[in-house]
Amino acid sequence: MPERLPPLTALRAFDAAARHMSFAKAAEELNVTPAALSFQIKSLEEHLGAPLFRRLNRAVELTEAGRTLAPGAAEGFEILGDAWRATRRLQDNSTLTVTAGPGFTAKWLAPRLYEFARAHPEIDLRFSATLRQMDFQRDEVDVAIRFGVGPDEGLWSLPLRKEWMTPVMTPELAEKYKTPESLTEAPLLFDESLNFLQPPCDWPAWFAAVGIDFAPTHGAHFSQADHAVDAALTGAGVVLGRRAMVVTDLHAGRLVAPFATAIETEGRFRFVCAKGTEDRPQIKAFRDWFMGEIDKTSYVSERFDIIPVTDIAHP
């Protein structure tokens, strides 16, 4: 027979008192009187058969038994709280919280969101643009658009196409730099957001793909892809643009990609959610819309000879 646990209210009182090291502050947090909280802790000590606190004149401190119980009690209530919030979210079909990287949000998601909002006015869409890999339960996130090589262990994950990269620039700069060889004299911009990928997808790799032995290092370096693209939009230089980050500007004509060669990275975007939630109405609606938006610009890839970076002899 499993050992009978003490009442949850008594454990909650102990957890609050152990965190605050004050019965008065714990009582205030739980919205009970100090006498009621003290009674709950006393009943817990009787259940255990040992004191959990030493009562001092104006303070309390944990006994050895209290120090042993406190971490497990805190973790248990945190896990229980996460599970309860996740369970409540399952009953809410009107709110959808999505997280994605800041660059992808700015360059791909944000310009298209009005279409989703117009098609689904019943869904309250919320975004968290961050590079931090958020926890679906603790951070109360429904969908994540992640980029990299994975894996997404324990989650429902829909892999999308691998990203490719090609030089992009303003139409004005394209009039000046008309051949791959001419780019060796062009102001080059460096997007370092993919430096974690191997093999590297960078300027030396692209030049190698077109048969040019050139490994540039001089120019403006950016840690975020969207910042590099924004610099290219001002005419500051030529950037090796990632498909997702430049497709909107290519479609609008603000940027052009004059060369036929693109290099394919080992990284890809994935549509990720908790297992078992992929068919919730608002998640399915967002996924269907998301995939439809990708299909709208799939024609852009047809213009290029896309070479996997693993097939390139790097300098």
Can [X] and [Y] be counted as an ion pair, charged N to O under 4.0 angstrom?
X: Arg287; Y: Asp279; value: yes
X: Arg161; Y: Glu264; value: no
X: Lys296; Y: Glu293; value: yes
X: Lys25; Y: Glu28; value: no
X: Lys107; Y: Asp230; value: yes

Atom [atom1] of [X] and atom [atom2] of [Y]: how far apart are they, to the nearest 0.5 Å?
X: Leu155; Y: Cys273; atom1: CG; atom2: SG; result: 8.0 Å
X: Asp311; Y: Ile263; atom1: CG; atom2: CD1; result: 11.5 Å
X: Gln40; Y: Glu45; atom1: CD; atom2: CD; result: 12.0 Å
X: Arg58; Y: Leu56; atom1: CZ; atom2: CG; result: 12.0 Å
X: Asp202; Y: Asp191; atom1: CG; atom2: CG; result: 10.5 Å
X: Leu240; Y: Leu188; atom1: CG; atom2: CG; result: 9.5 Å

Could you label the plane-to-plane angle of the [X] and [Y] rings as parallel, tilted or perpendicular, counting under 30° as parallel and over 60° as perpendicular?
X: Phe207; Y: Phe214; result: perpendicular
X: Phe190; Y: His221; result: parallel
X: Phe286; Y: Trp289; result: tilted
X: Phe147; Y: Phe196; result: perpendicular

Within the 6.0 Å centroid threshold, strictly below: Phe259 and Phe304: no
Phe53 and Phe14: aromatic ring centres closer than 6.0 Å? yes
Report yes or no: does Ser298 contribute a side-chain atom to a donor-acceptor pair with the main-chain N or O of Asp295 at less than 3.5 Å? yes
Sidechain-backbone polar pair: Thr99 side chain, Ser128 backbone, donor-acceptor under 3.5 Å: yes
Judged by modelled atom types alone, do Arg112 and Thr248 share a side-chain donor-acceptor pair under 3.5 Å? yes
